[in-house]
Amino acid sequence: MKILVLGAGKMGSFFIDLLSFDHEVAVYERDAKRLRFTYNCQRFTSFEEIADFKPELVINAVTVKYTIPAFQDVLPYLPTSCLLSDISSVKTGLKEFYDATGFRYVSTHPMFGPTFANLNQLSEENAIIINEGDYMGRCFFKDLYSRLGLNIYEYTFDEHDRTVAYSLSIPFVSTFTFAAVMEHQDAPGTTFKRHMRIAKGVLNEDDYLLQEILFNPYTYDNVAKIRHELKTLMDIIEHKDGDAMKSFLAKIRGNVKQDIQEIK
C-alpha cells in the first residue's frame, strides 16, 4: 500500500519506521530539517510530489492544532479513493470535517507518546479506534495495533472525547497543581522525584494539545470532582480527623485496587 505520513515529528517518525518495511511510505514535512531523521521512505516538501505519489492512505501525524489545516492543504492533491486517517488525541470537529470531505476515513488514537512509553514494549499501552469510520480502514489499524501488542478499544467520536477527558485531564490537572505549588528541594524524596519526572514530561507537550484536552467539553465535570475531593481532604486535615482520614484512605485505595483489577 502507498502510505503518506503528514509530519515528521515523534509520532510521524514512529509510524514511518513501523510501516516502511511492509509498505511504500512517503512523508510530507514543511520543515525540511526534520526530514533528516527519517529513513526508508520518500521525503516530500511539495504538494506536487504528493500528487505524483498517489497515496492510498494518509496518516495525519501533525500537531493537533494543525490536524484539519494539514488535511485541507493536501486534499486537492489526493486521489478520491484515498483513505484519510488521523491519530489525534483530540477529536473535536473531526467527524464533521470528514463527513464534509466525501473521502473515506478512519480515526484512531494510540494512547501513548514518546515522552513516557517504551515504543519497543507496548503491551501495557492502549489504543482507541473510532468505530464510525471506514470498515477496511478500521481493520487495517486494528491489525497494526494488534501486532504491536496494544490493548484496543472501539468508541464513537463522542465516547472517545469522554474517555480522554477522564484519562488525560485528571492526571494533567493533578500535575499542573503539583507544578504550580512546587518549590526547589535540595534533598527531594523518591515520590517527589517521580512526580517531577511526570511533570516535566507533561509540560513538554505542545501547549495547544494541553489546552484542547482541558477545553474538552467533558473535562470540567472531572476537574470539579477533583475540587470536591480536595475540599474533603482539606477539611480532614484542618480538623485532624483521624477516623475521616482512615475512611478517605480506604476509599481511594479501593479505587486504585479496582482500577488495577480492571486493567488486568
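Numbering of residues begins at 1 and proceeds along the displayed sequence.
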>> Just so I know, are the side chains of L6 and V74 near enough to count as touching, which here means a heavy-atom distance under 4.5 Å?
In response: yes
> Can we call the ring centroids of Y98 and F103 under 6.0 Å apart?
Replying inline: no
> In terms of hydrophobic clustering (I, L, V, M, F, W, Y; side-chain heavy atoms under 4.5 Å; direct or indirect links), are M1 and I129 co-clustered?
Replying inline: yes
> Centroid-to-centroid, H160 to Y155, below 6.0 Å?
Replying inline: no
> Ring centroid separation for F215 and Y220, is it under 6.0 angstrom?
Replying inline: no
> Heavy atoms, side chains only, cut-off 4.5 Å: are E56 and C82 in contact?
Replying inline: no
>> Between K251 and E229, does the salt bridge (Lys or Arg N to Asp or Glu O under 4.0 Å) criterion hold? Intermediate values first, please.
In response: CA-CA 11 Å; K251 182 183 75 171; E229 295 298 336; 2.9 Å; yes
>> So that I know where these two stand, are F178 and F192 an aromatic pair - ring centroids less than 6.0 Å apart?
In response: yes
>> In the structure I gave you, are the side-chain heavy atoms of N60 and S85 within less than 4.5 Å of one another anywhere?
In response: no
> Does some side-chain heavy atom of L84 sit less than 4.5 Å from a side-chain heavy atom of R104?
Replying inline: no
>> Closer than 4.0 angstrom, basic N to acidic O: yes or no for R138 and E132?
In response: no
> Under a 4.5 Å side-chain heavy-atom rule over Ile, Leu, Val, Met, Phe, Trp and Tyr, are I68 and Y66 clustered together?
Replying inline: yes
>> Applying side-chain hydrogen bond (donor to acceptor under 3.5 Å, both in side chains) to Y145 and T108, what does each step give before you reach the verdict?
In response: CA-CA 10 Å; Y145 292 155; T108 74; 2.7 Å; yes
> Is there a donor in the side chain of Y218 and an acceptor in the side chain of D158, or the other way round, less than 3.5 Å apart?
Replying inline: yes
>> Restricting to non-hydrogen atoms, name the atom on V223 and the atom on V173 that form the minimum distance, rounded to 0.1 Å.
In response: CG2-CG2, 3.7 Å
> Do D73 and R30 sit within salt-bridge range, that is, some charged N less than 4.0 Å from a carboxylate O?
Replying inline: yes
>> Can you confirm whether or not the ring centre of F140 sits under 6.0 Å from the ring centre of H23?
In response: yes
> Taking the side chain as C-beta and beyond, is there a heavy-atom pair between T177 and I226 under 4.5 Å?
Replying inline: no
> Any chance the side chains of S46 and Y28 put a donor and an acceptor closer than 3.5 Å?
Replying inline: no
>> Please tell me whether Q42 and E49 have a donor and an acceptor in their side chains that are separated by less than 3.5 angstrom.
In response: no
>> Testing D99, D86, L94 one by one against Y105 for a side chain to side chain contact (heavy atoms under 4.5 Å, CB included), which residue passes?
In response: D99
> Can you name the closest pair of heavy atoms from G7 and A61 and give their distance?
Replying inline: O-CB, 4.5 Å
